[in-house]
Amino acid sequence: MAIAIVMTLIGIAVIGKALYIMTAKKDYWTEVADRLKRDSVSVKPNRGNILSCDDQLMATTIPEYRIFMDFQAAAFEDDSLWLDKVDSVCNGLSRIFPQKSASEFKQYLEEGRLRKNKNGSTGARHWPIWKRRINYNTYKEVKQLPFLNMPKYKSGFHEEEYISRNRPFGTLAQRLIGGLYGAKDSAYFGLELSYDSVLRGTPGITGRRKVLNKYMNIPVMMPVDGCDIVTTIDVNMQDLAERSLIDELKLVNGEMGVAILMEVETGDIKAMVNMMRYNDSQGNPYYAETVNSAISYRCEPGSVFKVASFLVALDDEVIPNDTSFIIHTGSGVMEMHGRLMKDHNWRRGGYQDINVARSLEVSSNIGVSYVIDKFYGSNPTRYVKGLYRVGIHEDLKLPLAGYHPPYIRMPDTKTQDRSKYWSKTTLPWMSIGYETQIAPINTVAFYNAIANNGKMMQPRFVKQIVRNGEVIRDFEPVVLKKQIAKPKAIKTMQTILEHVVSQGLGRKAGSKHFKVAGKTGTAQVADQHGSYHSGVTRYWLSFAGYFPADNPRYTCIVCIKKSGLPASGGGMSGVVFHHIAEGVMARHLKMSVEDAHDEHSVVIPEVKNGNVKGANEVLRSLGIHKQMSEEAKTSENIIPDVTGMGAKDAVYQLERRGLKVKLHGRGKVKRQSIPAGREVVKDSECVLTLE
């Protein structure tokens, strides 16, 4: 009976307590429950990869880790286990991170173990083992060390995981590929930004509850990883273009450089380089990609624009006798509506009488401006409409942030805006590439249309969107204009551009192995204050063209911005174009029959001039019975002949005599700026041209 009464009272108490919790304490326990569960935790998807045209990784997402020790974990309640294993742990850490010795690791970890906390306890709870992030493989290697391989609640070893965007090729095509704000995981330029919604994927949702001091995840909606994008960029061509441009920028002390390589038939951008000059903390210059100038830097393009002017005239058929029309350029100076138009050789007497074709070959300002002013002076609107028609003004609608379409204004004499006012001098100066604003990407697209027999292609940066190896979407080549000019006009311009390289100012862009067509450009550009007369003249040097000229495969433009003379579009930008074209075509050229030889015969290698004793030793070790003849030694006070030598030997021979040497190009020494036989002047500069 007593037991029944006790049980009844206990039951009443339990029910009463339950009613109390359900009513008076309802809000409190609801708050506690909310703290212990999270029903809608967002799960980040994996960001998609960015691939080159041949499926090489250019940007990918990888996990990175920071590793820590909790010196208040269970294993440290009795320090005997730690003291027994600490030397093994530190030796292993020193092997993985050789920047620190085992003794340094031991001293550092002991500092964390013996650290006094504010609450009176001993041992840091979150002591970094290594202060920088490490990759997954390194993390696994550390995790396998003695003591650290125990469960984390016992050993105290724990980690923080980060998602990092990695570019396996480093800074290659950095501005085009783009970047992410690491902490915010948000794209801020390049293809990363343009295709962010495709690469990002869709976050998932998981429910999370705390059960017995552990969190249990209950998937609600699985995350969908981002898709991969396959770009048109060729890694080898991009690397070639970057190295060629940087070499020339260093040589001429350029402020900025741009190079774009485009496939003629498809419009695929195979390489895009944007270099700016900066100075490090010691004041030494270096070049880096920080701005996508290829699509955003609009400026007066200079003489490469003359091709558009003459193409309009040829398409309109306004020039009598076509390209045979004679222009009287005189001594290189001509007054045009109160201003003097000058050719680049006016101090040497000018070009006198030349025809239309020759005026482009030698880039005569007078020749081009005279023709355009003569046949369009009474109706400049027709000329500007012609520029729009041939595509130099086309909005390319690029999928990249920062693109600025060309600005070529229509005639307007009534506007109050001085920058838009149309005067009598506007037409002749516009015809030679001034008073317009065009980015390099538009110029290369225009030249590509000429190479493509008049068909203008939209520059393409992405070919496919792929998920798990399956193509989700193809981006087909886009034709912006089916025909920018009549076939006859296009054919005539192709012939002229080929002559510019073979017998005009563009010779340095040419090649001995294939035909090249293109046009040089040298324009004076305004400074940052919009002035042309600040004391230092800045030049925009360019060469735009395509190769091989008889069967065009690639179009390329190279632009260099520099201060002061010398400044030559053909001699500087044209040289970069030459290196890019030769490097690209070297991948496609096949060996001729003359290069074939018996594989069992001994081929005598080509030996450069220079260290004759060393060369003979190498030939003997190869079993080749040919000796290089010893040459008479040149006096230490006389400049030696270094033509035919490799760069290393040539630099040694000159610098040992007290000269300063600069190299231009690759291969053997073709020319030396100080002729052989002259007396040595200490600290004088000798420029070696290598080919």
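A quick note: this is a predicted structure, and the numbers were derived from the prediction, not measured. Reckoned from all heavy atoms, side chains included, excluding hydrogens, waters and symmetry mates.
Between the side chains of T426 and S423, a donor-acceptor pair is found at a separation under 3.5 Å. Between the side chains of Y403 and N442, at least one donor N or O lies within less than 3.5 Å of an accepting N or O. Side chain to side chain, E582 and S511 meet the donor-acceptor criterion of an N or O pair below 3.5 Å. A donor-acceptor pair shorter than 3.5 Å can be found between the side chains of K561 and Y297. A donor and an acceptor atom, one from each side chain of S309 and Y383, are located under 3.5 Å apart. A side-chain N or O of S303 and one of K306 form a donor-acceptor pair less than 3.5 Å apart. For the residue pair H337 / D373, a side-chain donor-acceptor distance below 3.5 Å is found, with atom types taken as modelled. If you check the side chains of N274 and N292, you find a donor sitting under 3.5 Å from an acceptor.
Under a 3.5 Å cut-off, the side chain of E394 and the backbone N or O of L396 do not form any donor-acceptor pair. In this structure a side-chain-to-backbone donor-acceptor pair under 3.5 Å is missing from R538 to G564. At distances below 3.5 Å, at least one donor-acceptor pair connects side-chain atoms of Y434 with backbone N or O atoms of Q524. Using modelled atom types, one side-chain atom of S673 and one backbone atom of V687 make a donor-acceptor pair closer than 3.5 Å. Without hydrogens or angle criteria, R167 side chain to G170 main chain gives a donor-acceptor distance under 3.5 Å. Of the possible donor and acceptor atoms, none in the side chain of S359 sits under 3.5 Å from a partner among the backbone N and O of S364. Remark: side-chain polar atoms of D395 are paired, donor with acceptor, to backbone N or O of K397 under 3.5 angstrom. With hydrogens and angles disregarded, no donor-acceptor distance shorter than 3.5 Å links the side chain of N345 to the backbone of R348. The backbone N or O of D353 lies less than 3.5 Å from no partner atom in the side chain of H328, so there is not a single donor-acceptor pair. Between the side chain of Q282 and the main chain of N279, no donor-acceptor pair closer than 3.5 Å is present.
Scanning both residues, P548 and F514, for their nearest heavy atoms gives CB-CB, 4.1 Å. Residues M256 and S293 come closest through the heavy atom pair SD-OG, 3.5 Å. Summarising the geometry of W429 relative to L340, their closest heavy-atom pair is CZ2-O, 3.6 Å, with the distance given to 0.1 Å. Closest approach of G402 to S296, counting heavy atoms only: O-CB, 3.2 Å. In this structure, Y388 and M410 approach most closely via the heavy-atom pair CE2-CE, 3.8 Å.
The number of heavy atoms from other shown groups lying within 6.0 Å of OH (Y287) is above 12.
The side-chain contact (heavy atoms from CB on, under 4.5 Å) check on T522 picks up Y539, L541, with sequence neighbours excluded. Residues satisfying the side-chain contact (heavy atoms from CB on, under 4.5 Å) test with P320, not counting sequence neighbours, are F325, F375. Looking at residues two or more places apart in sequence or on another chain, you find no salt bridge (Lys or Arg N to Asp or Glu O under 4.0 Å) involving K374. With sequence neighbours excluded, the residues forming a side-chain contact (heavy atoms from CB on, under 4.5 Å) with F461 are L176, L191, I269, M272, L398, P399, L400, P459, listed by chain and number. R409 meets the salt bridge (Lys or Arg N to Asp or Glu O under 4.0 Å) test with E435; sequence neighbours excluded. The salt bridge (Lys or Arg N to Asp or Glu O under 4.0 Å) search around K662 returns E685, not counting sequence neighbours. Residues satisfying the side-chain hydrogen bond (donor to acceptor under 3.5 Å, both in side chains) test with D550, not counting sequence neighbours, are none. Residues forming a side-chain contact (heavy atoms from CB on, under 4.5 Å) with P411 (at least two apart in sequence, or on another chain): P380, T381, V384, W422.
Side-chain rings of W346 and Y351 stay apart, their centers remaining 6.0 Å or farther from each other.
Contact of the M334 side chain with the T329 side chain is not registered, since no non-hydrogen atoms from C-beta on lie closer than 4.5 Å. Y376 has its side chain within reach of D316: a pair of non-hydrogen atoms, C-beta onward, lies under 4.5 Å apart. Between L427 and M430 there is no side-chain heavy-atom pair separated by less than 4.5 Å.
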Indicate every side-chain donor-acceptor pair of residues 476-485 with a distance under 3.5 Å to a residue at least two apart or in another chain.
from, atom 1, to, atom 2, distance (Å)
K481, NZ, R389, O, 3.4
Q483, NE2, N453, O, 3.1
Q483, NE2, A485, O, 3.0

Before giving the answer on side-chain hydrogen bond (donor to acceptor under 3.5 Å, both in side chains), spell out for E255 and S563 the whole-Å C-alpha distance, their side-chain angles and the decisive distance to 0.1 Å. CA-CA 8 Å; E255 300 171 15; S563 299; 2.2 Å; yes
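Remark: R553 fails to qualify as a cation-pi partner of F547 under the 6.0 Å distance and 45° angle criteria applied to the six-membered ring.
Salt bridge status for K488 with E317: absent, with no side-chain N to carboxylate O gap under 4.0 Å. With salt bridges taken as basic N to acidic carboxylate O contacts below 4.0 Å, none links D247 and R243.
Residue pairs meeting the salt bridge (charged side-chain N to carboxylate O under 4.0 Å, His left out) criterion with at least one member in residues 443-460, sequence neighbours excluded: D268-R460. Residue pairs meeting the salt bridge (charged side-chain N to carboxylate O under 4.0 Å, His left out) criterion with at least one member in residues 494-523, sequence neighbours excluded, are E498-K515. Each salt bridge (charged side-chain N to carboxylate O under 4.0 Å, His left out) pair with one or both residues in residues 269-290, not counting sequence neighbours, would appear here, but there are none.
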